[in-house]
Every structure is written in C-alpha cells, then in structure tokens.
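All chains are named by letter (A, B, ...) in the order of the sequence lines, taking the proteins before the strands, and each is independently numbered beginning at 1. The figures that follow rest on heavy atoms only: side chains count, while hydrogens, waters and symmetry mates do not.
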Amino acid sequence: MTETIERIEQLRLEAEHAISAALTSPALEEARIRFLGRKAELPNLLRRVAELPADQRASTGKAANEARQAIERAIESRQQELAVSELQARLRQDRIDITLSADPLPAIGRLHLLTQTRREIEDIFIGLGFNVAEGPEVETVYYNFDALNHTVTHPARARTDTFYVSDEVLLRTHTSPMQIRAMEAQPPPIYIVVPGRTYRPDSDPTHTPQFHQVEGLAVDTDITLADLKGTLQAFARGVFGEGREVRLRPSFFPFTEPSVEVDVSCFNCVGGVTAAGERCSICKGNAWLEILGAGMVDPNVFGFVREHGYDPDRIQGFAFGMGIERVAMLKHGIPDLKLLFQNDVRFLEQFV
Amino acid sequence: MRVPVEWLYEYCDPALDIVGLGQCLTMIGMNVESVDHHGVAALEEFVVGRVLSREQHPDADRLSVCLVDIGDGSPSQIVCGAPNVAAGQTVAVARPGAVMPDGRTLAKATLRGVESNGMILAEDELAIGTEHAGILVLDGDGLEPGMPLEEVLPIATDVLDLEIGSNRPDCMAIYGVARELHAATAARLAPAPWAEDPGGEGPIPGVSITVEDQQLCRRFTARLFEDVKIGPSPPWLKARLMACGQRPISNVVDITNYVMLLTGQPLHAFDLDQVAGQSLTVRRARPGEEVQTLDGQTRALDEQMLLIADADGPTSIAGVMGGARSEVDDTTTRVLMEAASWDGPNIHRTSWQLGLQSEASLRFEKQLQPEQAIQAQVVAARLMIDICGARIVAGTIDVGGDGPPPVTIRLREARVGGLLGRQISCERCGEILRALECSVTDASDGLDVQPPAFRRGDLVREVDLIEEVARMDGLEKLPATLPSRHGAYGRLTPRQRLRRSAADVLTAQGLHEVVGWSFSNPEIHRRLRLDDRRAVMIENPLSADQSQLRTELLSSLLDVAGYNHAHGAADIRLFEAGAVFLPTDGAVLPREPYHIGAVLIGAVRRATWRDPHPRHADFFVAKGVLTGLLERLGTDWGVVRSSEPFLHPGRSATIMIEGQPAGWLGEVHPLVAAEWDLPDTIAGFELDLDAVPDPVTISYEDVTTFPEVREDLAVVVSEEVSAADVLDVVRRSGAPILRSVEVFDVYRDAVRIGAGNVSLALHISYRAPDRTLTDEEVADRRQAIAEALAQRLGGRVRAA
C-alpha cells in the first residue's frame, strides 16, 4: 500500500467522522467543502493521479474514487437525517398559540335585513314563476288610487293618509300602482312581484312614514282563489318553514273581490302556546300571524287596462301585498320597527 | 265596533262560547280585535234582595243598618250609605265573594263597629249606569228575594270589539251582526226589531220639512212624540249602552243611541218647541256660515256642507253633529225624531274638513240605505212609547222615500268554481244567499239573485255574490293549488342582477348596507354646500325636517355615520342603494335614478394583535372600493378631477362612465363633516348605477397557452402630468401586445430626478394570444412607449 493510498484512507475516515459529527445542514455543507470542495485534498489527489508512477495510478485512482463516493454517500445520508430532524425542529419552533384572536382579511359587511328579506321573498316567487318588477315611488293619483278602484271619497286619499307632491302627484301609498303599469306594459299572462318603498303619513310605535312592500299579481285565463292560497302557502313555507299553513279570512279592499286577509300559522308555538307552556309572544297567543292582504283582482281594475288585453270576461287573477318589515320582524323576533331604520351597525351586524 | 254578546244573542244565539263566537265572526270577515268582560263576575253572589228594616247606624250619621231578605232563610245585616234606602224596597245585593266590575272581590266588613254582610248596590257599582247618588231600586213586581240578579239586569256580558269592513255599514249594528251570524251558523234569527210599527204614514200637522238638495239628502224622515217625560233610562237600556262604551244621558237621547247601535241608523231628537217655526230645511251651508254644535263649539261651514236649519238659522250639521239650540233637555215635552239618509262621500268630506267625527258620521260616511231610516223610526217609536210614556202623533214625514228597487244579478254556477277553484253547488249558493236575505230564483246556468236593500251598496255584481258564497261556505275549504302558468317563467332582469351584484361586492369589501330615509330636510342642501339644488317637495309633510325628497345618498349616509359615531363606533364603513328624486321640468313625475353610495371613516379593518394600527380610509381606499365595485360590474370607467362643493377641493373626482359623469369620488369637505360632528376624513363615493351599462356576455380569450412577458419601467414626468395620462399613453403605445400596466411606486427626489418631477414605477405585462413574444417585439414596444411618453408628456424613461 502506498503512502498516498494510506492518506486517502485516512481522509475518508476523517471525512466520515466529520460528517457524522455535523449537527446542522450548514455544518454538513462545511464538511463537504472541506473534503470534497474545489480546494480539498481528496479531489486534488484525484486530479494528480496522472502524475503518479504508472504502477500506482490504477490502484490510487480507484482508492480515491471509492473514497470520494463513500464520502458523498455519507453526506447524502447525513443530509437526509438532518433534513428530517431540522424540519421537526422548525415545526417545533413554529408552534403558535392557536387561541390568539384571528387576523382576518377585511371583515365581511352585511346586507341590511330589509334587503335580505326582500331578496328572500323575491327568490321564492321567482321559483314560483314570477318576475320582479319595480316602479316609481313618486306616483300619480291615477295609478295609486283611481285605476285601483278607489272611490273619489276613499279615506286613503285624504291628506292625513297620503303624502302629496301636488294635487295629481303623490308618494305611493302601496306598491299596487305597479299592477296597472305592468298590465299596461304587457298582455296576460302576467306573473310579477313588485318590491319597493312606500309612504304614508303615520309615525308611531308600529308605523314609520316610509316602509316597504311586496306586491304580487298573477293574471291569466284561469287563476283561482285556490291558486292564491297555494301560492301564498308556498311563500309562507319558504319564509317561515315547512309545515306552515295559511288561512284566508274575508276582508275588503277596493281593488280585489273577493278580498281576504291571509294568516300564517305561527312558527313559534302550537295553538298559541310555546313548548315551554307559555303564551306565545310572536302571535300573542293567537296561533295565527296576520301577514298580508290579498284577493282576486276586481273586474273594475281590469276595466282600466281592458285595451291592453285585459278583458274582465276573459281573464282573471289574484293580487296580494305584504309588508317586508312585518315579515322581517316576525321572522327574527324584532320588537321595534324603529330598529330597522336606525341603522345601528351593532343591530345590522347580527343578521348574517 | 263593540258588540255585547248578551245583546247579540237576543237576536241570534248560535250557542257558541265566546271563543267559538269570535272564531266564527272572524272567519266570515268580522275580525275580533279584542274581547273583554263588561260588568261583574261571580254572578251567583249577586241576588235580588228586599229591605225588611232600616235603622240609623249608631255611630255614623250617613250610614243605615238594614236587614235584607236575600232568600236564604235568615235576613242579612247590611250597612248602606245611600240616602234613599228604605224598608220595603226591592234592591240589588252583592254578597261577600262577589267580584265587582273593577275586579275587586267584596268581603265581609265592619263599618264603624257594625258588621255588614254585603252591599246594596247602586247603578255605577254594577257598571250599568252612572248614577251614584242612591241605590238602585228595582220594580218589585214578580221579583222574589234570592233570585239571581242576572235574570233581572244585564249585569255581566262579554263584549267583542269587531273590525267592520268599510263596505259593510249594515254590520255597524247589533242586528246586522246577528244577520251575519245567522247566515254563518243557521241559528235562528229573531224577527227584525222594526217588524211592528206603532206609527203610521201621512203628514204631521204643524211641522214642515223642506229638502233643498235631494242628491246629498236621499231621505229625510221625522216623527213627532208628545207628552214625553224626560228622565233616566231603565237599567237594562243603560247597561247595554255602557257595555257598548256609551254614557247614558237621558231616556230620549239614550233611545237615539240605542237604536243606532241596534239598527246602524243614527237618529237625532229635536225639542220641537225649540225649533223655530216648527219647520226644518235641509240645505247647503253658505260660505262661512256658523253652527254651534252639541259639544259647545262653534264651527264654520263651507258650501259643500249640508246643514239643517229652522226659521232662525242652522241647528245642526247634517249627519255629523246636532246643534245646541234645539237639543232635548229636562223640560222637553215634544220630540221631533229625525232619521235621514245622507250622501256618504259628502258626510265624509264634511267630517274631515271640520275634524269632527261622531258615531253618526262614521256610519253615514259609509253610505247607509234609505230603508234603514224608517226602520230606525219604528224601533225608536216603540221605545219612546214604552220608556218615555210618549204619545206618537199620527203620521211620518218622509221626503225621498225608499231607495231604488233591487237589481237582479245572474250568478253562474260555472263562474263560482271558475273563480274560486272549488265548485260550490247551486243549491248551496242559493241557501247561503237566502240566509243573507237575498231573493233567489233558479236560472238556466245558475241563479238570479236580488240583494236586500241594506246590501244595495256592496252587492252589485256577480263577483260580489261569489264573495258572499265563498265567505259563508268557508274559505278554509279551499284547496291550495298553484297556477298552471301556461309557460310563464320567472327570473331577474340583467339590471336587477346587476343591482344585487353591486350590493354584494360592497359587503364583500366589508361595508354594511344601511336603509336611510327618502325624506330629507330642506336644510340639507345648505349643509352640503349645494344651495342651488332643487328637490321634490311634499305638500303635507309630517314635519319640516321631512318635507322634501332626497336628491343624493350622501346626507343619509352621513346621518347614519353620525348616529353610529355618536354611539361609540370609531371605524365606519357603510353603503346605501336606492332611488333619489330629481325634479324634472315639464314632466309629471320626477326622475328617480338608482344610486349607490358609500362612506368610509377610520381604520379600514379591525385592529388586531398583529396589526394594531391598520390604515385609515382615505381617497384611495374609497377608490379601491369603487374599483372593486365597477370591476365586478365589468364597467369601463375613469375619474377626472372635479370640485364638488361638498368634497375636499384637492380630493374630489368625478366618476366617468362612457364619457359621461356618473357620480363622485372623494373625501368629504371638513366643513361638511363638521356639520355632522364627524371626523375630518370621510372618504366615499356616490354612483348613479343607472349609468352603468348592462353587463355584456364575455367572449373567451386564450390567456394561458402563451406566456406573459413582464417588466418594470420607471417614468419621470412633471408633477402636472397625471398618472392616468401616463397610463393612457403607455396603453396606447404598448398596443396591441400590452396586456396591463399599473403604477406600483411613486417617487420624488429633487436631486436625482429634478424638482417638480415625479417618477412613476410601472408594472407592465405583454402577451399575444397566438404566439410566444420575442425579445425583439417587446423591445420594440418599449421603445415606442418611451418615445410616446417623451413626445406627448415630456417624460423620460429612467434607466432600470
């Protein structure tokens, strides 16, 4: 064995020792450079094999190569060991207090509860085949009263009951004027709901001078009062839950005949008594919630749009009108109408 | 209307308990608003008694000690404070345990050392009258001590408060409600209280009536009673008035009220000796003519109003309120009883104009029928004779007479089922309509129906009859079906979807939606420094600060921001969407564009342990929110510098869409912020959403197959040149392969780039849809950009 080969063997041993002694990736890299780097001894020996006597070249070259490969293997293996332990160490170090509060992207805002409720109602009726129509909030007396079969002396026309802009122009007191506008614009069949803002000069704990309604109108050759009941039952179940029943009670409105009030069975109790055995606070022990007024479109109303394809002898339909505030308040147990217009963010944020 | 059940059941008793009765009436259209109990409870403790002896209380001058036989074997000792108590009287007695109308339970008591086992009652203690000066002395005929008092007096009844539709004035009457109850339950209906008339027809000598306006006075009837003895009404009558919420006054006045409550027809009693000339004229008032009404007030009338005058002038306002001059009083002996039919709309107008509502006007304004006038006369005559001992003078003055004969309405059987969605047989329809007092005959395809006179006003068409049939047969029997739709389908319009998207993208950016008022204060334009702006004005606002319609959303948003700020919110992010109202010359209605506006105050997000000092909202934050909104809506837009008076002069921009102004973006002027007590920096925008075009369908473009080339460019331009101008030049000269360019840094340095200059660092990306770009192509564009910047903006590209 030549001196050189002995040296190679010694370097291999030293390298293996240094590699196993390296505790971190940088230390291992240091060892690699020391033993296999450009200026290291072993690669130098290898480069100088050609300078050796011929009889030593083969054996020396072989020994050096083997040593280098052995060192490389040792580095690689050590590298893998270190990678595993270093990852574990880093993960240990990255440990956080997961109970600290979140660092969210900008918080999500809320649609106003009235908008949420309006959309909910719209979506139910879209599913039932209705379109959504909107109309002007400042209206003419003609559309708001005359064409809706209100007699000239109907009390709703009084200045105590309606805001006027002029003798002929007012703030609509209901969304019903769109019944006429929609029929003027489109021949039957017509299936629309009309959400929107409405106005009456009332201001007390249960009235605000502006409020929101959804009008419904379905006119075709064969619409029946039973269809009104079925449609509103589907609506009631959509908003207040499956299992709700609707009850029609006779009533009177100038623009429908027959006219009905529509009640929905209370979703909070059975027969006016809650599960806890108390009088239900939602329906006041009544078991029914008065939810809207409705009826079959009065033939006199069709008389105003006869030339648009609405011959009262050939077509018939139903109409209804509900308050969005009332639906929202009932559904969410809101005790005070004013909360809906106060816009206190703490209130608005509750309704996700 | 208050309906005492005891009274109702005299005419129709369906043997229902109060809950069942309430449900029945509700389901035929008379909603029960409330039920209360009028009078006493624990009825077994109220009995008839006979005073056996009365002695002075040993220690109290005003008290008597009575022995009263109450039918239980041994007389009861009762201490009584009434001055009129005397031996031999038949009286009403409450025993210990009795529950008084105010809910108090009577107990044995000791009064000044003498035990009292109950109470001898006065009217007011039973809530059947207002008399308290003495005890109620009963007519002893046929009464025995110990008899239940409830058999003698209506001392307890449930009272329903019913909501009566404005089309049913016939139901503003006990007998009217009884008729409905009969039709709904088939329980027997007692004959009408006007079935037997003690009076007769023909003129009344010495009394003359003239009706000048028969349009407004459809019928005027009068009867004369002599030898009238004015006094208190009997307890049973007082009790019913009290249960209906009316205060008894004297027998004649009480009779007019009682008859009105029973029949629905108001009456007025004149003291004939106070009627000058014993003649009455019904005529329109002269402008400004005055009447002193029963309530003691003097009221000025106009020529649309109808009055009743005697030879000395006006005595009452027709159908609304009687006059003080001819009022019945204690000395009255001759009563002229008037029952008339007025034009409902005219009464309604008079009542509104005068701000004067009465039980009479509330009925008349709903249009009573002429036949009701004579019915009320008949009932009143019977009571005047029975109660006031009056003698009826032969004859009835009747101007106008009955209403027109009934019309015949065809009710087609097929139409009933066709409209309701449930067939109701002709037999059943006939049964219901007959129960409602229609006369019904068979017809080829259904029934021919004549409504009774009292339904002349609301049963005029086939559909009205169908409603009656549906209502009485039971709406609960209707099936729940859905329309067959015939191919109609529902969906939101593109515009409606766009509005929803707009709100959604703002909530996604952390803004809360608010719903403000359409009303605003005329002061608002001054506060916004928009003094010359016009608004739609309301003629009859609830208050001056709600007297116009909003022309913008900013003030409403500032109101809400102010409210929340005052309630402790430091960081506020709000938006509102809705109509604003712009007066439009020459058009009947104002324009109502749909706006969406936002305000941002304070930190853009909540402070956290990681980021305790988040950035505060400013112009660029608002611009970011607006960018998010308009990008989501696919809108091509820009801003130009502007000078909105309500905005910070250096931070005010107009939003431009399709070359037209479409709103503002900026920071609110500090003086405006101060008007709302808000912090100095309020950023926001308001956009006319109607100016945003409908979204177009996006066509596919290959953006993934070939790579993008990205590079940065630093451009030095004068401070006078806006970033938008630089970007515009880059976009144009980089076309067609330039895909995007944006500013990522702004740098000023007088030494390195020169005073008055600014360096904008741009991210630029190039891409072609059909090939990988070569270095030469990109270099070519870069060269073009540099030249264009130099030529058009005097700018230069800095070495990278």
Among the listed options B/Leu419, B/Val560, B/Val514, B/Val604, the residue most often paired with chain A at heavy-atom distances under 4.5 Å: B/Leu419
Exercise: do B/His567 and A/Asp344 side chains pair donor with acceptor under 3.5 Å: no
Side-chain donor/acceptor of B/Glu476 to backbone N/O of A/Arg247, under 3.5 Å: no
Which atoms of B/Leu549 approach chain A - backbone, side chain, both or neither, heavy atom under 4.5 Å: side chain
Whether over 12 other heavy atoms sit under 6.0 Å from B/Arg615 CZ: no
For chain A, the option from B/Met30, B/Arg349, B/Arg168, B/Gln496 that forms the most heavy-atom pairs under 4.5 Å: B/Gln496
Residue B/Val536 versus chain A: region with a heavy atom under 4.5 Å: side chain
Part of A/Tyr164 lying under 4.5 Å from any heavy atom of chain B: both
Side chains of B/Leu482 and A/Thr231 in contact at under 4.5 Å (non-hydrogen atoms): yes
Contact origin within B/Arg422 toward chain A - heavy atom pairs under 4.5 Å: neither
A/Arg249 bridged to B/Glu163 by N-O distance under 4.0 Å: no
Ionic contact status for A/Arg197 with B/Glu592, cut-off 4.0 Å: no
Heavy-atom check, side chain of B/Glu576 versus side chain of A/Asn343, under 4.5 Å: no
Side-chain touch B/Val463/A/Met296, heavy atoms, less than 4.5 angstrom: no
Check: B/Arg491 main-chain N/O paired with A/Asn131 side-chain donor or acceptor under 3.5 Å: yes
Validation row: B/Leu478, A/Leu228 side chains within 4.5 angstrom (heavy atoms): no
Side-chain heavy-atom pair B/Pro479, A/Lys229 within 4.5 angstrom cut-off: no
Flag side-chain contact, heavy atom, 4.5 Å: B/Asn167 against A/Phe253: no
Structural part of B/Pro541 lying under 4.5 Å from a heavy atom of chain A: backbone
Contact check, side chains of B/Leu589 and A/Thr140, non-hydrogen atoms, under 4.5 Å: yes
Non-hydrogen side-chain atoms of A/Asn300 and B/Arg461 separated by less than 4.5 Å: yes
Any donor-acceptor pair under 3.5 Å from B/Asn540 side chain to A/Thr160 backbone: no
Interchain contact, B/His348 with chain A, by part (heavy-atom threshold 4.5 Å): side chain
Polar side-chain atom of B/Glu513 near backbone of A/His112 as donor-acceptor pair, under 3.5 Å: yes
